[in-house]
Amino acid sequence: MFSESYGGHYLPNIAKLIMQQRQIQLKSIVIGNGLINPHIQFRAYFKMACDGETKLFDSQECQRIKYRLNSAYVTLDSCHASQNPKVCTEAWKKVDDAIVAPYVNNGKDIYNINQNLPNYYDSSVNRTETFFNQPHVQKALAIAPTTFKAESEGVYNSFFNSGDLMDSLMDPISQLLDDQVRVLLFAGDADFLCNWIGLETVTEQFNWYGSSKFRSQSFHYWFDPQRNQVAWRLRSFRNLSFVRLLNATHMVSIQLV
């Protein structure tokens with residue numbers, strides 16, 4: 001089973017239900033640039049923007065962002081402890097105001113740090129909608145003729161206001177790993193919103209039988225001879241793998257087709 005982006009919330013629970021019902025033998029799941037644990041991943045924004053390999057703001061702006069994030073992190077911790085939807089909604093708003101909004105206001109694409117707005121994601125959404133609105137595709141999926149939309153503000157607001165956005169899916173994935181289901185997480189490292197730093201940290205904090213061994217594994221690199229550069233970096237142990245795809249965006253799968 002495969003998912004991307006907010007699918008980091010959908011897929012683990014779907015996989016958990018499949019395992020509980022035991023009617024289908026689930027062998028593996030794949031999540032690309034997924035939102036799995038906001039409590040961990042939102043803390044990676046500052047490192048991605050100011051304190052890592054990429055510098056997306058100048059030093060003065062980074063200081064202002066760091067100050068605003070200190071308040072946001074307090075609310076983020078309260079959300080994590082209480083799971084109160086109102087507190088969790090406020091936590092995301094504070095993180096957004098502190099660092100995501102300033103990034104977008106600088107004219108940068110949250111799905112591709114190497115590109116200015118308008119963003120690559122819009123064209124990717126258009127391609128997705130075109131594909132799923134083809135009659136033969138809908139027939140193959142056994143659904144009644146409908147108009148598919150890749151995004152819905154109403155659906156987003158319902159999830160957001162319920163606090164679902166801030167849920168952690170660490171436990172279901174950890175259980176899948178203990179049940180010998182293969183788990184692959186990958187991240188295009190040009191994505192800001194669900195960035196590779198946060199996802200790598202997520203993989204290091206799953207609570208499963210191989211967690212300490214996974215963290216001790218060295219990285220393996222694949223060199224692309226055509227481009228004369230490293231294309232990806234892999235860490236893997238038993239049934240958990242994490243791949244960082246260099247210079248790839250939020251929509252890795254669409255880039256590859």
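Because only heavy atoms are used, hydrogens play no part in the values below, and waters and symmetry mates are left out as well, while side chains stay in.
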Under 4.5 Å between any side-chain heavy atoms of His9 and Leu35, yes or no? yes
Just verifying a value: how many Å separate Met170 CE and Thr203 OG1, rounded to the nearest 0.5 Å? 8.5 Å
Validation row: Leu184, Phe242 side chains within 4.5 angstrom (heavy atoms): no
To the closest 0.5 Å, what do you measure between CD1 (Ile110) and OG1 (Thr249)? 12.0 Å
Are Ile14 and Leu141 in one and the same hydrophobic cluster, where Ile, Leu, Val, Met, Phe, Trp and Tyr link if side-chain heavy atoms are under 4.5 Å apart? no
Side chains of Ser174 and Phe206 in contact at under 4.5 Å (non-hydrogen atoms): yes
Is the closest side-chain heavy-atom distance between Phe2 and Ile31 below 4.5 Å? no
Between Gln20 and Leu17, is there a side-chain heavy-atom distance shorter than 4.5 Å? yes
For a 4.5 angstrom cut-off between non-hydrogen side-chain atoms, does Ile18 reach Met1? yes
Using a 4.5 Å cut-off on heavy atoms from C-beta on, say whether the side chain of Ile113 contacts that of Asp191. no
Any Lys/Arg nitrogen of Glu200 or Lys47 sitting under 4.0 Å from an Asp/Glu carboxylate oxygen of the other? no
About how many Å separate CG of Leu193 and CG of Asn112, when rounded to the nearest 0.5 Å? 12.5 Å
Only one of Phe186, Trp222, Phe219 passes side chain to side chain contact (heavy atoms under 4.5 Å, CB included) with Trp232; say which it is. Trp222
Does Tyr221 offer a backbone N or O that forms a donor-acceptor pair with the side chain of Arg233 under 3.5 Å? no
More than 12 heavy atoms of other groups within 6.0 Å of Lys55 NZ: yes
For Gly188, is there any backbone N or O sitting under 3.5 Å from a side-chain donor or acceptor partner on Asn33? yes
Following the transitive rule for hydrophobic clusters with a side-chain heavy-atom cut-off under 4.5 Å over Ile, Leu, Val, Met, Phe, Trp and Tyr, establish whether Ile197 and Phe57 coincide in one cluster. yes
So do Cys194 and His250 actually touch side chain to side chain, heavy atoms under 4.5 Å? yes
Over all heavy atoms of both residues, which pair between Val181 and Ile29 is shortest? Give the atoms and the distance, please. CG1-N, 4.3 Å
Rounded at 0.5 Å granularity, tell me how far CZ in Phe159 sits from CE in Met166. 15.5 Å
For Lys16, does the NZ atom have more than 12 heavy-atom neighbours from other residues, nucleotides or ligands under 6.0 Å away? no
Has Gln138 got a side-chain atom pairing as donor or acceptor with Phe132's backbone, closer than 3.5 angstrom? yes
Within 6.0 angstrom of Gln229 CD, more than 12 heavy atoms from elsewhere: yes
Parallel, tilted or perpendicular, judged at 30° and 60°: which one describes the rings of His80 and His39? parallel
Residues Asp96 and Pro102: closest non-hydrogen pair is O-CD, 3.9 Å
Looking at Phe192 versus Tyr103, is the centre-to-centre ring distance below 6.0 Å? yes
Specify the closest pair of heavy atoms between Arg43 and Asp77, including all atoms of both residues, with the distance to one decimal. NH2-OD1, 2.8 Å
Salt bridge present between Arg64 and Glu61 (N-O < 4.0 angstrom): yes
Would a line drawn from the ring center of Phe214 to the ring center of Phe237 be shorter than 6.0 Å? no
Is atom OH of Tyr67 surrounded by more than 12 heavy atoms (other residues, nucleotides or ligands) closer than 6.0 Å? no
Residues Lys108 and Asn114: closest non-hydrogen pair is NZ-C, 4.4 Å
Minimum heavy-atom separation for Gly7 and Pro12, please, with both atom names. O-CD, 3.8 Å
Looking only at heavy atoms, the pair that brings Asn195 and Gly198 closest together is OD1-N, 3.0 Å
Pair Phe42 and Trp92, ring centroids less than 6.0 Å apart: yes
CG on Asn239 to CG on Leu177, rounded to 0.5 Å: 5.0 Å
Heavy-atom neighbours of Arg182 CZ exceed 12 at 6.0 Å: no
Using a 3.5 Å distance criterion without hydrogens, assess whether the side chain of Ser211 forms a donor-acceptor pair with backbone atoms of Trp208. yes
Could you go step by step and tell me if Asp179 and Gln175 meet the side-chain hydrogen bond (donor to acceptor under 3.5 Å, both in side chains) rule? CA-CA 6 Å; Asp179 289 340; Gln175 185 60 55; 3.1 Å; yes
Check for a donor-acceptor pair, side chain of Asn247 on one end and backbone N or O of Ala190 on the other, with a separation under 3.5 Å. no
Exam field: side chain Thr54 to backbone Leu56, donor-acceptor pair closer than 3.5 Å: no
Any chance you could measure Gln180, atom CD, to Leu26, atom CG, to the nearest 0.5 Å? 12.5 Å
